[in-house]
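To find a chain, count down the sequence lines: A is the first, B the second, and so on, and within it residues start at 1.
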Amino acid sequence: MKLTLRVWRQKNADAPGTMATYEVDGISQDMSFLEMLDTLNEDLILRGEDPVAFDHDCREGICGACSLVINGDAHGPERTTTCQLHMRSFADGDTIDVEPWRAAAFPVVKDLVVDRGAFDRIIQAGGYITAPTGSAPEAHATAVPKAAADHAFEHAECIGCGACVAACPNGSAMLFTSAKVNHLGVLPQGSPERETRVLDMVARMDEEGFGGCTLTGECATACPKGIPLPSIAAMNKEWLRATRKAKR
Amino acid sequence: MALATRTDRRPSITRTLWDSTVGKKTVMAVSGLIMLAYLVVHMLGNVKVFFGADEFNAYGHWLRHMGEPFLHSHWGLWAARIVLLASVVAHAVSAYQLSRRDIKARPVKYAHKRRRAGYATRTMRWGGVIVGLFIVWHILDLTTLTVNERAWAGHPYENVLATFSTWYGNTIYIVAMAAVALHVRHGFWSAAQTLGVGNARRDKALKFLANALALVLFAGFVSVPVAVMTGVVS
Ligand code: HEM
Ligand code: FES
């Protein structure tokens with residue numbers, strides 16, 4: 001396959017950026033999108049140019065590091081992560097636009113790499129449980145109802161990639177935050193911090209400069225892990241409940 | 001080692017609500033639902049126009065004397081007006097502040113444009129502004145009668161006919177009702193999500209209810225100018 005790429009190039013956080021056009025040839029349909037970018041970077045390095053910086057780590061769809069907006073869609077046209085997107089989703093001769101996540105809370109570091117530290121700080125604000133240290137506890141010591149386990153597991157799938165923020169017209173982190181609030185809130189292990197968790201995480205989310213939710217649903221459509229939109233309503237419910245109780 | 005004891009206190013509920021994006025949405029949802037309930041009642045009152053001038057004017061008269069003899073004349077009406085004014089102000093201020101924040105949170109647009117992203121959000125913002133302007137016009141037209149060219153104080157039936165006998169009266173009204181219907185369509189369902197009532201199981205029912213409310217409000221309100229234009233009401 002031969003492709004035309006229009007890629008966001010930006011030297012550093014302060015430099016202005018532009019969309020630069022590149023041609024890549026010899027792309028196999030079986031390559032992942034990131035392998036296609038590797039091919040472009042090899043060319044660039046051989047030509048003595050600066051390779052395109054992009055985030056990646058596991059390349060198997062579990063770490064959440066990869067983060068590209070491809071033709072306007074976070075993680076591109078398939079419902080998966082960029083690393084699991086294959087070139088067979090494109091046609092020979094296509095022009096593909098590649099941009100970084102866009103949100104005030106995710107500043108561009110270089111090219112396609114953004115700083116997602118804001119997510120870490122939301123997690124630090126309450127995305128944890130209090131657990132005794134030492135040897136692993138007996139798995140059946142705390143009974144977890146099946147429905148709660150399923151609900152928690154569905155939300156534990158969030159890999160914190162930030163596609164929800166990238167897709168949201170308001171740059172809102174509600175879906176991400178709701179994933180963790182739903183995940184830990186229904187488990188007995190998470191119940192001691194049930195109120196403080198949601199209050200502190202939502203407060204942190206606001207402080208980081210994410211926008212509010214207008215329920216357009218773009219986030220849930222973009223989510224590679226299928227965190228559903230109603231999770232936001234469930235978090236709102238938790239937040240209102242915690243506000244009424246307002247206990248430490 | 002002992003952990004430090006946290007002594008800082010949570011701010012008051014009012015502060016928590018107003019300072020949070022989730023809380024401000026709650027303010028919008030509650031004020032929006034108050035206005036929505038009012039619109040349903042208002043629409044039911046309006047269709048009394050089909051039963052003639054006497055019934056409609058008597059109804060208008062009753063509005064001013066609601067709650068008598070317990071309440072003094074106009075007190076009931078003013079109570080309703082105060083609740084509505086508070087709702088409109090709370091709703092519009094929250095909408096403005098949240099929208100400002102949302103726009104700031106996404107300062108750089110994508111070079112590759114997609115069609116539908118943010119359609120509902122934009123419709124809510126523009127629709128809301130249209131509804132807000134209409135509320136001002138509507139009060140000047142049929143409450144204070146300032147802009148109504150053939151105004152006759154105390155005769156709402158005749159004033160309604162006067163409004164809907166001008167092309168601009170009809171146009172403004174019908175456009176505004178379309179905006180209201182679209183606003184209610186997304187707004188009612190949104191309010192359910194904001195208040196935590198929505199979930200996957202109820203989603204279809206809530207969307208159906210939102211569409212039904214929007215449609216019934218639109219049909220009810222617009223039936224009046226249509227009836228005047230076609231001479232059914234004269
Ligand atoms: C002063 C004029 C108005 C303005 C500027 C306005 C603006 C807005 C905006 C921007 C939203 C947010 C949409 C979103 O976040 O997705 C909204 C939501 C809403 N509006 Fe209005 N609106 C106005 C009048 C009304 C009226 C008259 C009603 C009554 C039917 C109403 C009912 C609602 C409801 C129920 C919501 C949903 C709240 C939520 O998302 O939880 N609005 N409005
Ligand atoms: S690189 Fe780990 S999810 Fe894509």
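- Aromatic ring orientation, B/F164 versus B/Y173: perpendicular (interplanar angle above 60°, classes split at 30° and 60°).
- Contact count versus chain B (heavy atoms, under 4.5 Å) is highest, among A/V165, A/D73, A/I232, for A/D73.
- Contact count against chain B (heavy-atom pairs under 4.5 Å) is highest for A/V69 among A/V69, A/V108, A/I70.
- In this structure, B/R185 places its CZ atom where only 12 or fewer heavy-atom neighbours from other residues, nucleotides or ligands lie under 6.0 Å away.
- With hydrogens and angles left out, the side-chain atoms of B/W189 and B/D203 include a donor and acceptor closer than 3.5 Å.
- Other residues, nucleotides and ligands contribute at most 12 non-hydrogen atoms within 6.0 Å of the CZ atom of B/F208.
- For the set A/L229, A/N71, A/T221, A/V202, the entry with the most heavy-atom pairs within less than 4.5 Å of chain B is A/N71.
- Between A/H75 and A/W101, the ring planes lie perpendicular to each other; the angle is over 60°, past the 30° to 60° tilted range.
- For the set B/L17, B/D19, B/N199, B/V22, the entry with the most heavy-atom pairs within less than 4.5 Å of chain A is B/V22.
- No part of A/R241 comes within reach of chain B, as not one of its non-hydrogen atoms sits under 4.5 angstrom from that chain.
- Interface remark: of the candidates A/G209, A/A166, A/A234, A/S172, A/A166 forms the most heavy-atom pairs closer than 4.5 Å to chain B.
- Residue with the most contacts toward chain B among A/A104, A/C168, A/G217: A/A104 (heavy-atom pairs, distance under 4.5 Å).
- Of all heavy-atom pairs between A/W239 and A/T243, the closest is O-OG1, 2.6 Å.
- Looking at A/M174, the atoms closer than 4.5 Å to chain B (heavy atoms on both sides) all sit in the side chain, from C-beta outward.
- Proximity to chain A is limited to the backbone of B/K109, based on heavy atoms less than 4.5 angstrom apart.
- Defined by atom type and a distance below 3.5 Å, a donor-acceptor pair is missing between the side-chain atoms of B/R106 and A/N170.
- Within the 4.5 angstrom heavy-atom criterion, atoms from both the backbone and the side chain of A/A103 approach chain B.
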